[in-house]
J.: 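Can you keep this structure in mind? I'll have questions shortly.
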Amino acid sequence: MTNQISKEDFFQRVYKIVSQIPYGKVTTYGAIANALGIKSSAIMVGWALNAAKNRSDLPCHRVVNRNGLLTGKKHFPTPTIMRELLEQEGINFIDEMVDLKRHFWKPEIR
DNA sequence: CGGGTGACTTTAC
DNA sequence: CGTAAAGCCACCC
C-alpha cells in the first residue's frame with residue numbers, strides 16, 4: 001500500500017501522536033507502534049521519544065509501557081516528574097502503575 | 001558492514 | 001517476583 005514510513009516520517013508521526021494525547025490520558029509504546037504500522041518495534045517509539053525529549057512541546061510523561069509502568073521516568077531530569085505530572089492530571093495510580101483501564105488513550109492511525 | 005545499546009514486548013523457566 | 005532470551009529496528013562507533 002501507500003503506507004511507506006521513512007524514518008523521518010516515523011519521528012514526525014510519533015511527535016504528532018504524542019502531542020495529541022489528551023489531558024488526563026496515557027498511551028503505550030506498543031499502541032503507538034501499532035498505530036504507525038511497526039507494531040513489533042515498540043522500542044523504536046521509545047527511541048523516537050528519546051530524540052523527542054529535545055522538543056519540550058511533547059508530553060512524553062503520558063507515554064508508558066504495556067503495564068502502565070513509568071519505564072521512561074529514568075530519562076527525565078528527575079524521576080519523580082513523570083509520576084507527579086500524571087497525578088496532577090487526575091490519573092489514577094495503582095502502586096507504580098497507571099490505571100490503563102481508565103486512562104488509556106488509543107492513538108489515531110494516519 | 002559488524003557490534004553494542006535501548007524510554008518495548010512476549011515467552012519461558 | 002526474578003532473570004534470560006529472542007524479536008524488533010534506528011542510531012552510534
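The analysis underlying the following values was restricted to heavy atoms, covering all of them including side chains, and did not include hydrogens, waters or symmetry mates. Letters A, B, ... are given to chains in the order of the sequence lines, protein chains preceding strands, and every chain is numbered from 1.
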J.: Provide the closest heavy-atom pair for A52(A) versus L58(A) in the form atom of the first, atom of the second, distance.
T.: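 Looks like CB-CD2, 3.0 Å.
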J.: Which atoms form the tightest heavy-atom contact between G68(A) and L100(A), and what is the distance?
T.: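 In this case the closest contact between G68(A) and L100(A) is N-CD1, 3.6 Å.
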J.: For residues 63-75 of chain A, which residue pairs qualify under side chain to side chain donor-acceptor pair (under 3.5 Å), counting only residues two or more places apart or in two chains?
T.: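 Sorted pair list comes back empty.
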J.: Using a strict heavy-atom distance below 4.0 Å, which residues from residues 78-107 of chain A are in contact with DNA chain B?
T.: none
J.: When Ile, Leu, Val, Met, Phe, Trp and Tyr are grouped by side-chain heavy atoms lying under 4.5 Å apart, directly or through other members, which residues fall in the same group as Y23(A)?
T.: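 Y23(A) shares its hydrophobic cluster with no other residue.
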J.: By a strict heavy-atom criterion of less than 4.0 Å, which residues belonging to residues 41-67 of chain A are in contact with DNA chain C?
T.: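 The stretch gives S41(A), I43(A), M44(A), W47(A) as the residues lying under 4.0 Å from the strand, ordered by number.
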J.: What residues, two or more places apart in sequence or in another chain, satisfy salt bridge (charged side-chain N to carboxylate O under 4.0 Å, His left out) together with E84(A)?
T.: none
J.: Extract all donor-acceptor atom pairs below 3.5 Å that involve side chains of residues 24-37 of chain A and protein atoms in other chains or at least two apart in sequence.
T.:
residue, atom, partner, partner atom, Å
T27(A), OG1, W105(A), O, 3.0
T28(A), OG1, A31(A), N, 3.0

J.: Can you list everything that forms a side chain to side chain donor-acceptor pair (under 3.5 Å) with E96(A)? Sequence neighbours excluded, please.
T.: R83(A)
J.: Listing request: all salt bridge (charged side-chain N to carboxylate O under 4.0 Å, His left out) pairs with a residue in residues 55-64 of chain A, at least two apart in sequence or in separate chains.
T.: R62(A)-E89(A)
J.: Below 4.0 Å from chain A heavy atoms, what is the first contacting nucleotide of DNA chain B and what is the last?
T.: dG6(B) to dT10(B)
J.: Who are the side-chain contact (heavy atoms from CB on, under 4.5 Å) partners of T78(A), not counting sequence neighbours?
T.: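 By the side-chain contact (heavy atoms from CB on, under 4.5 Å) rule, T78(A) matches T80(A), I81(A).
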J.: Applying side-chain contact (heavy atoms from CB on, under 4.5 Å), can you list everything that pairs with D99(A), at least two apart in sequence or on another chain?
T.: N92(A), I94(A), K101(A), R102(A), H103(A)
J.: Report yes if the side chains of S41(A) and W47(A) come closer than 4.5 Å at any heavy-atom pair, otherwise no.
T.: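 No, their side chains stay 4.5 Å or more apart.
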J.: Return the residues of residues 14-25 of chain A meeting this criterion: a heavy atom under 4.0 Å from some atom of DNA chain B. Order them by number, or give none.
T.: none
J.: Taking NZ in K16(A) as the centre, count heavy atoms belonging to other residues, nucleotides or ligands within less than 6.0 Å. Is the count above 12?
T.: no
